[in-house]
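A short worksheet on the structure shown next.
A note on names: the letters A, B, ... follow the listed sequences, proteins ahead of strands, and every chain is numbered from 1. Below, each value reflects all heavy atoms present in this structure, side chains not excepted, and no hydrogens, waters or symmetry copies. These numbers were taken from a predicted model, which means no experiment stands behind them.
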Amino acid sequence: MYLYNSATHKKEEFQTHTPGRVEMYTCGPTVYHFAHIGNLRSYIMEDVLEKYLRYAGYEVNRVMNITDVGHLTSDADEGEDKMLKGARREHKTVMEIAQYYTDAFFADCKKLNIKTPDVVQPATGLIPEFIQMVSGLLDKGYAYLAGGNVYFDTSKLERYYVFNDHDEEDLAVGVREGVEEDTNKRNKNDFVLWFTKSKFEDQALKWDSPWGVGYPGWHIECSCISLKYNGEYLDLHCGGVDNAFPHHTNEIAQSESYLGHPWCPQWFHVAHLNTNDGKMSKSKGEFLTVSLLEEKGYDPLAYRYFCLQSHYRKALVFTWENLDNAVAAYQKLIARIAGLKPGGDVDQAVFEQYQAKFNQVMGNDLNTSMGVTALFDVLKAKTDDATKLALIGDFDRVLGLELLKKAAAKREENAKAQTAKTEGGYTVTGEGDPAIDALVMQRYEAKKAKNFAEADRIRDELKAQGVEIVDTKDGASWKRV
RNA sequence: GGUGACAUAGCCAAGUGGUAAGGCAAGAGUCUGCAAAACUCUCAUUCCCCGGUUCAAAUCCGGGUGUCACCUCCA
């Protein structure tokens, strides 16, 4: 497969350290609040990537961290810990908050059909390992103590800016009001590995360490968790684009300095979900969650479809109109699949032909938009329904839209309609409610008498009850919607 | 100020040098008393702009412009 690699700025053939096996790491959520649908876009695309890798025959070991400590609102030893902020907002302990939002995160993932990673590791569960790594970096001379904190010395590296061509001189520090430069730092981009001194005194979670009681910096957790569960050679690291600098840059600095050899050659960055005025963000206050979509009557999987229609490396603009567009497309797709008749033999030649095409587009930098198009191509293909259903089921192992399941449910719903009444060649089919059958028949009588006002009145009355009439060739059918 | 990504119809988009896929929306038709649903058809001489290379450019090169992101915590 070919994947765009943000470390080299090129599309490259995907390679693994151990043939056939992918060591994959994905940055997980900071569990101080609900994930918004912009956050979830990344997890959806990573999920599709993981599923495609498995589909393509790789064995995948996917690791994800849960940031439940040490995530400052700023890198400059300033501001508040996000976890603590969340806890204070809700009058709960930090650990209660972490558990609550971790559960909420995975509940959202489930609704979006995002597979839980093979390993999920909360940062607070690995403190001794963090300390060991920080000690190692100090021993090797890559870190220094200043003002009570341990910092990573970026000047010790030959190449620190791996994702872009920053010139240290040009980096703006404290761009935003209220962020002060940390004067303990020797270089502009040095970052904290371990805090013992913080400007806020009531940090809830603290651990003893060789440098005093404190807590880890944000970046160390990902390096350390990956090292523990993926081993010394990581194949693929994923995350949102905003993490490329400084978070991923710092991870590389730490990991390679500690290990003494190259660490992860391939980086997969997902672009943001934007609103009309820039990216969706928690710091802006209002944000959309999966629950909110559900409250508004949206199927979370329609949002997944919305994301798949676009490419992961392209900013996607969220508007309700765009989502409605996706909902219509998703529902039509399901309705068309529901119209296919299950059973019968699969035409192997046709199956392989279409499968190869799907494989090719998905293997081309995860072209999900073309992957979705492949579904429509199958529907239009000149082959039998059994083959079409088999292909759709096969593609959906990667796309994760639960197409067969939804189509089967729809088919079942349609089957509930049973012949209820036939009079004078006019057949009313419905879900088995004689009262409604009678009304539909009354409407027919009114139509026959050219009393269209009455006929429309009955249609409106049924609609108010949530019953939809569909006129057919020789009668009418109704269903509850 | 620096760095990076992106720019194709009303919207989401494919396209990786050979003459603009697909989906949604819209319009027309069939059906219908009308509507809905369904089905059929239509819908970019042109790909942000200006140059260049080439028999041939949305695709390659140079120069602009615009949008977004990162340099603060964010997916």
Side-chain angles (χ1 to χ4, degrees), chain A residues 4 6 9 11 26-30 32-33 35-46 67 71-76 78-82 85 161 163-180 188-189 218 238-247 249 269-274 277-284 305-306 308-311 313-317 319 321-330 332-333 335-336 339 361 364 367-370 372-377 380 446-448 450-452 455-456 459 463 468-473 477:
Chain A
Y4 181 84
S6 28
H9 305 275
K11 205 192 279 185
T26 47
C27 283
T30 303
Y32 65 102
H33 214 316
H36 61 66
I37 60 172
N39 300 317
L40 289 161
R41 180 192 185 194
S42 289
Y43 297 110
I44 288 170
M45 299 321 287
E46 290 163 359
T67 300
H71 204 319
L72 295 180
T73 50
S74 147
D75 230 9
E78 164 76 29
E80 285 183 291
D81 183 279
K82 291 200 158 186
K85 204 172 161 188
Y161 304 100
F163 293 111
N164 31 37
D165 268 331
H166 280 306
D167 215 324
E168 180 148 342
E169 293 300 309
D170 296 324
L171 285 175
V173 171
V175 198
R176 201 183 61 173
E177 235 178 284
V179 176
E180 287 167 31
K188 263 185 186 173
N189 277 295
W218 174 41
C238 311
V241 263
D242 52 342
N243 278 150
F245 187 82
H247 183 232
T249 304
H269 286 123
V270 183
H272 283 129
L273 181 71
N274 292 161
D277 39 70
K279 78 171 176 177
M280 196 171 278
S281 138
K282 283 176 194 168
S283 10
K284 280 186 189 165
Y305 183 91
F306 172 78
L308 294 189
Q309 271 190 314
S310 181
H311 189 83
R313 226 146 40 75
K314 238 173 164 179
L316 179 60
V317 176
T319 62
E321 191 192 346
N322 288 356
L323 183 62
D324 287 338
N325 187 328
V327 168
Y330 182 55
K332 276 195 171 186
L333 182 62
R336 283 177 69 178
V361 297
N364 181 15
N367 194 335
T368 50
S369 170
M370 282 301 273
V372 170
T373 298
L375 293 168
F376 288 94
D377 290 342
K380 281 188 289 195
K447 278 170 65 171
K448 215 164 57 174
K450 301 229 185 288
N451 186 354
F452 297 124
D456 290 349
R459 184 166 64 195
K463 198 176 173 184
E468 190 181 271
I469 298 184
V470 177
D471 285 333
T472 57
K473 223 174 178 177
S477 78

(message) I need the CG-P distance between A:L316 and B:A14, as an integer number of Å.
(response) 11 Å
(message) Between B:A35 and A:D471, counting only base atoms on the nucleotide and side-chain atoms on the residue, is there a donor-acceptor pair under 3.5 Å?
(response) yes
(request) Could you tell me whether the phosphate oxygens of B:A69, OP1 or OP2, come under 4.0 Å of any side-chain nitrogen or oxygen in A:K314? (result) no
(request) Just call it for A:K450: base, sugar-phosphate, or nothing, with non-hydrogen atoms closer than 4.0 Å on any strand. (result) nothing
(request) For the residue pair A:T67 and A:Y32, establish whether any side-chain heavy-atom pair is separated by less than 4.5 Å. (result) no
(request) Name the closest nucleotide to the A:V241 side chain, picking from B:A69, B:A25, B:C73. (result) B:A69
(message) Pick the closest RNA chain B nucleotide for A:G38 and for A:E468 by heavy atoms, then say which residue is nearer the 5' end.
(response) A:E468
(message) With rounding to the closest Å, how many angstrom separate the P atoms on B:A36 and B:C31?
(response) 15 Å
(message) From CG of A:L273 over to P of B:A69, roughly how many Å is that when rounded to an integer?
(response) 12 Å
(message) From C-beta outward on A:M370, which listed nucleotide comes closest to its side chain: B:A14, B:G33, B:A36?
(response) B:A14
(message) Quick one, A:F306 and A:L273 - any side-chain contact, counting heavy atoms below 4.5 Å?
(response) yes
(message) Suppose we call two aromatic rings close when their centres sit under 6.0 Å apart. Are A:H269 and A:F163 close by that rule?
(response) yes
(message) Of the options B:A36, B:A75, B:G33, whose atoms approach the side-chain atoms of A:Y43 most closely?
(response) B:A75
(request) For A:K448, report the nucleic acid contact type (base, sugar-phosphate, nothing); a contact means any heavy atom under 4.0 Å. (result) nothing
(request) Report the distance from atom CZ of A:F163 to atom P of B:A75, rounded to the nearest whole Å. (result) 17 Å
(message) I want to check one thing: is the phosphate of B:A13, taken as OP1 and OP2, less than 4.0 Å away from some side-chain N or O of A:S310?
(response) yes
(request) Taking only Lys NZ, Arg NE, NH1 and NH2, and the carboxylate oxygens of Asp or Glu, determine whether A:D471 and A:K447 approach each other closer than 4.0 Å. (result) yes
(request) Write down the distance separating the C1' atoms in B:C55 and B:U19, rounded off to the nearest Å. (result) 13 Å
(message) Between the base of B:C12 and the side chain of A:N322, is one N or O donor paired with an acceptor at under 3.5 angstrom?
(response) no
(request) Check every atom of B:A5, B:A75, B:C71 against the side chain of A:D242 and return the nucleotide holding the closest atom. (result) B:A75
(message) When the C1' atoms of B:A26 and B:A9 are compared, how many Å lie between them, rounded to an integer?
(response) 12 Å
(request) With heavy atoms under 4.0 Å as the rule, sort A:V270 into base, sugar-phosphate or nothing. (result) nothing
(request) Quote, to the nearest angstrom, the P distance that separates B:A21 from B:C41. (result) 15 Å
(request) Please state whether the base of B:A13 and the side chain of A:S369 form at least one donor-acceptor pair under 3.5 Å? (result) no
(request) Between A:L40 and A:Q309, just flag the one whose closest nucleotide in RNA chain B comes earlier from the 5' side. (result) A:Q309
(request) Quick one: label A:H9 by what it contacts on the DNA or RNA (base, sugar-phosphate, nothing), any heavy atom closer than 4.0 Å. (result) sugar-phosphate
(request) Give a yes/no answer on whether the side chain of A:N367 brings an N or O atom under 4.0 Å of OP1 or OP2 in B:G15. (result) yes
(request) Kindly compute the distance separating CG (A:N274) from CG (A:L316), expressed to the nearest 0.5 Å. (result) 8.0 Å
(request) Determine the interatomic distance between P on B:G66 and the same-named atom on B:C50; round to the nearest Å. (result) 16 Å
(request) Determine the interatomic distance between P on B:U59 and the same-named atom on B:C49; round to the nearest Å. (result) 10 Å
(message) Quick check on B:A75: is either OP1 or OP2 less than 4.0 Å from any side-chain nitrogen or oxygen of A:N39?
(response) yes
(request) Provide, to the nearest angstrom, the distance between the CG atom belonging to A:D324 and the P atom belonging to B:G10. (result) 20 Å
(request) Would you name the heavy atoms of A:Y43 and A:G28 that are closest together and state the gap between them? (result) OH-C, 3.1 Å
(request) Quick one: closest heavy-atom pair of A:H311 and A:R41, and the distance? (result) O-NH2, 2.8 Å
(request) Could you check if a side-chain atom of A:K380 sits within less than 4.5 angstrom of a side-chain atom of A:R336, using non-hydrogen atoms only? (result) yes
(message) With a cut-off of less than 4.0 Å, is there a side-chain N or O of A:H311 near OP1 or OP2 of B:A13?
(response) no
(request) Please state how far atom CZ in A:F306 lies from atom C1' in B:A13, giving the value in whole angstrom units. (result) 12 Å
(request) Would you mind reading off the distance between A:R41 atom CZ and B:C12 atom P, rounded to a whole angstrom? (result) 12 Å
(message) Only Watson-Crick and G-U wobble pairs with both distances less than 3.5 Å should count. Give RNA chain B in dot-bracket notation, marking inter-strand partners with |.
(response) ((((((((.[[[..)..(...]]].(((((.......))))).....[[[[[..)....]]]]])))))))....
(message) For A:Y4 versus A:H9, what's the shortest heavy-atom pair and its separation?
(response) OH-CA, 3.2 Å
(message) I want to check one thing: is the phosphate of B:G22, taken as OP1 and OP2, less than 4.0 Å away from some side-chain N or O of A:K332?
(response) no
(message) So for A:D377 and B:G22, does any side-chain atom that can act as donor or acceptor lie under 3.5 Å from a complementary atom in the base?
(response) no
(message) Using whole Å, what does the distance between atom P of nucleotide B:A35 and atom NZ of A:K447 come to?
(response) 12 Å
(request) Might you point out which heavy atoms bring A:A271 and A:A315 nearest each other, and give the distance in Å? (result) CB-N, 3.7 Å
(request) Whole angstrom is fine here: how far is it from CG in A:L323 over to P in B:C24? (result) 16 Å
(request) Kindly say whether, by distance alone, the side chain of A:R459 makes a donor-acceptor pair under 3.5 Å with the base of B:A36? (result) no
(message) Side chain of A:F245, heavy atoms from C-beta onward: which of B:C6, B:C70, B:A75 has the nearest atom to it?
(response) B:C70
(request) Could you measure between the two C1' atoms, the one in B:A13 and the one in B:C71, and give it in whole Å? (result) 31 Å
(request) Select one nucleotide: of B:G23, B:A36, B:A7, the one nearest the side-chain heavy atoms of A:F376. (result) B:G23
(message) Quick one, A:E321 and A:D324 - any side-chain contact, counting heavy atoms below 4.5 Å?
(response) no
